[in-house]
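Some notes on the structure that comes next.
The shown structure was predicted, so the numbers you read here are calculated from the model rather than taken from an experiment. Order of appearance sets the numbers: ligands from 1, and atoms from 1 within every ligand.
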Amino acid sequence: MPLVFPFDPDITRAATIPARLYNDPVYLELERERIFAGTWQLVGRREQLAQPGDFITAEVGNDSIAVVRDGDVLRGFHNVCLHRAGPVAHGCGRRQTLQCRYHGWTYSLSGALLRAPEMEGVEGFRPEEMRLRPVAVDAWGPLVFANLDGKASPLAEVLEDIPARVAPFHCESMRYVMRKEYDLACNWKVYVDNYLEGYHVPVVHPGLHRELDYDNYRVEPHRYYSLQHAPMRPVPAAQAAGDRRYVPAAGDVPEAFYVWIFPNVMLNVYMGQMQTNVVLPVAPDRTKVVFEWYATDPPADPAADARWSRLVAFSDEIQDEDIAICEAVQRNLRSRVYDRGRYSAKRENGVHHFHSLLHEFLT
Ligand code: FES
Ligand SMILES: [Fe+2]
């Protein structure tokens, strides 16, 4: 079976990517190598790294990494001791050095090997030349990203004009509120495909559809990200206080800002709050999705805050609807009769854009 697959850059002629990309474990390995190791992955929050010595750990695919604050700079390392591969950091916290939990080799926050006990007499062993293997790290707003192979375009280039476009929302001053995790029985790309189009909104999300100006829903692809314009229906004043669950307040920026950054990060930005979604492949047919919420004025107790609970309940309703259809699609992608479909040129340009990036990175 060929690893390469045909792909037409013209959406009006293109067929969707073959079903085997959603089923065959060989593609997940290839994606880990060529996509997840080669792009910026969201690994943590800047507030976790506010003080010198603060560190976090994260899993990126099969690799464990640590990100530390060394003075003013953020540094990333593979969380793998040079001796016999013990972990040099656990969880998160604050430390002056990183000490391996196996035989106690100690590294500085810049990754240099400081101490390797009882290694006298070992030929050619020069601790002063040994360093933890680095990982590229960078941050934007409250978010910290890492790139395993160090070859991704600079984060600022990948984000392009996103920071300028979301400037009115002041994401950089938002603070962390809460997190939710979802386990899905589908390939990670099924979830991303689904996020990237509004085509399914009328059928899958009737509640959301009532609030959206569907005719004016559109997707704007950029080099490594795409932006969804999902304007809300204008609210008649008499109805504003009634049954609408999201009512833009006067003076609000009218549009929410939905952005997807290749391959697996979504930022949903609203006035006063923001949500990140990270889509993590677990197996060809298993995916973990992590939602994290941030707010300009975080509620003291999100569970006890009526406005916040309403917002999370609405998000849950949509997420449940998306999970059900994604899992049903994954089951059918194993069907003996299905291989490839066609795109709606009007509604699925975001999915076609994602697939063109997959094609670029995988072949
Ligand atoms: S594996 Fe780290 S000190 Fe031995
Ligand atoms: Fe959806």
Side-chain angles (χ1 to χ4, degrees), residues 55 57 63-66 77-90 95 97-108 111-120 122 125-127 130-133 180 182 184-214 217-219 226-232 245-246 256 258-260 264 266-268 270 275-279 287 289 291 311-330 344 347-351 354:
F55 73 91
T57 54
D63 291 275
S64 171
I65 65 164
F77 305 107
H78 284 273
N79 188 11
V80 182
C81 181
L82 301 173
H83 175 224
R84 276 173 44 222
V88 297
H90 285 264
R95 306 212 36 170
T97 55
L98 300 173
Q99 186 176 45
C100 178
R101 287 274 182 97
Y102 202 173
H103 314 93
W105 287 23
T106 306
Y107 301 84
S108 73
L113 178 57
L114 297 175
R115 223 159 43 78
E118 305 184 75
M119 292 293 288
E120 300 80 10
V122 176
F125 182 74
R126 293 187 193 82
M130 295 168 69
R131 311 187 71 84
L132 290 171
R133 295 288 303 276
K180 272 192 157 196
Y182 306 85
L184 278 65
C186 71
N187 185 272
W188 70 278
K189 299 187 294 298
V190 169
Y191 188 85
V192 173
D193 290 347
N194 178 71
Y195 179 89
L196 289 174
E197 42 90 356
Y199 194 22
H200 70 275
V201 168
V203 179
V204 173
H205 307 299
L208 175 63
H209 184 229
R210 278 195 292 278
E211 312 205 2
L212 278 182
D213 177 6
Y214 180 71
Y217 196 112
R218 66 189 174 84
V219 180
S226 67
L227 173 66
Q228 306 198 31
H229 297 272
M232 308 305 285
R245 275 167 294 189
Y246 173 86
Y258 303 98
V259 62
W260 164 79
N264 67 331
M266 294 111 177
L267 303 177
N268 305 311
Y270 312 84
Q275 182 200 75
T276 58
N277 311 153
V278 181
V279 185
T287 296
V289 179
F291 279 26
L311 193 127
V312 172
F314 191 34
S315 159
D316 277 343
E317 176 186 320
I318 311 235
Q319 178 71 341
D320 288 346
E321 291 164 346
D322 281 325
I323 290 174
I325 192 62
C326 285
E327 294 187 340
V329 164
Q330 180 69 34
S344 159
R347 293 284 183 186
E348 294 177 296
N349 60 324
V351 185
F354 169 42

**Prompt:** How is the N/O/S atom of H200 that comes nearest to the Fe ion (ligand 2) named?
**Reply:** NE2

**Asked** How long is the gap from OG on S315 to CD on Q275, to the nearest 0.5 Å?
**Response** 4.5 Å

**Prompt:** Can you name the N, O or S atom of H83 that is closest to atom 4 (Fe) of ligand 1?
**Reply:** ND1

**Request:** Using modelled atom types only, decide if a donor and an acceptor are shared between the side chain of D63 and the backbone of H78 within a distance under 3.5 Å.
**Result:** no

**Message:** Under 4.0 Å from a heavy atom of G86: which atoms of ligand 1 are those, numbered in the order shown and with their elements?
**Reply:** 1 (S)

**Item:** Shortest reach to atom 3 (S) of ligand 1 by a heavy atom, considering only H103, M119, R84, Q99
**Value:** H103

**Message:** So if I apply the side chain to side chain donor-acceptor pair (under 3.5 Å) rule between Y182 and each of N277, D322, D316, which one comes out positive?
**Reply:** D316

**Item:** the Fe ion (ligand 2) reached by D322 (N, O or S, under 2.8 Å)
**Value:** yes

**Message:** Between Q228 (side chain only) and Y195 (backbone N and O only), is there a donor and an acceptor less than 3.5 Å apart?
**Reply:** yes

**For the Fe ion (ligand 2): the N/O/S atom of H205 at shortest distance** = NE2

**Asked** For ligand 1, which atoms sit closer than 4.0 Å to a heavy atom of G104?
**Response** 3 (S)

**Message:** Closer than 3.5 angstrom, by distance alone: can the side chain of N79 be matched with the main-chain N or O of A89 as a donor-acceptor pair?
**Reply:** yes

**Asked** In terms of the angle between their ring planes, are H209 and Y214 parallel, tilted or perpendicular, with boundaries placed at 30° and 60°?
**Response** perpendicular

**Message:** Please determine whether C100 has a backbone or side-chain N, O or S atom lying under 2.8 Å from atom 2 (Fe) of ligand 1.
**Reply:** yes

